[in-house]
Amino acid sequence: MKFIAQHPARIYAVAVAALALVAHYVPELPSALVLALVAAVLGTGEAVQRTEDRKTAGAGDDDQADADKRQDDAEASAE
């Protein structure tokens, strides 16, 4: 479960690629099923994007806090 939480975009990419290959090489699949899976994939993609956005925003907060601390240390040592 930890791997899934850390790498949702990679898992999503593999799942979408597998879906595309199955849809291409198994033409007898009903088109309604393929369209339903495509809709589900789009919804999942939105969830993955939001997860990645939260991870990126969290990393930016840490970077800003580190930069502020370095600046404060530099100002203190200059005095």
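What's counted below: heavy atoms across the whole structure, side chains too, no hydrogens, waters or symmetry copies. Please read all numbers here as calculations on a predicted model, not as lab measurements.
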Check your understanding: Which residue, T44, V41, L42, L21, forms the side chain to side chain contact (heavy atoms under 4.5 Å, CB included) with V16?
Key -> V41
Practice item. Measure the spacing between NZ of K2 and NE2 of H7 and express it to the nearest 0.5 Å. Key: 9.5 Å
Practice item. To the nearest 0.5 Å, tell me how far F3 CZ sits from R10 CZ. Key: 7.0 Å
Least distance between heavy atoms, [X] atom then [Y] atom:
{"X": "K55", "Y": "Q6", "result": "NZ-O, 2.8 Å"}
{"X": "P8", "Y": "T51", "result": "CG-CG2, 3.9 Å"}
{"X": "A23", "Y": "V34", "result": "CB-CG1, 4.4 Å"}

Review point. Applying the 4.5 Å side-chain criterion to the ILVMFWY set and letting contacts propagate, would I11 and V14 be lumped into a single cluster?
Key: no
Practice item. Please answer: with hydrophobic residues joined when any side-chain heavy atoms are less than 4.5 Å apart, are V38 and L33 in the same cluster? Key: yes
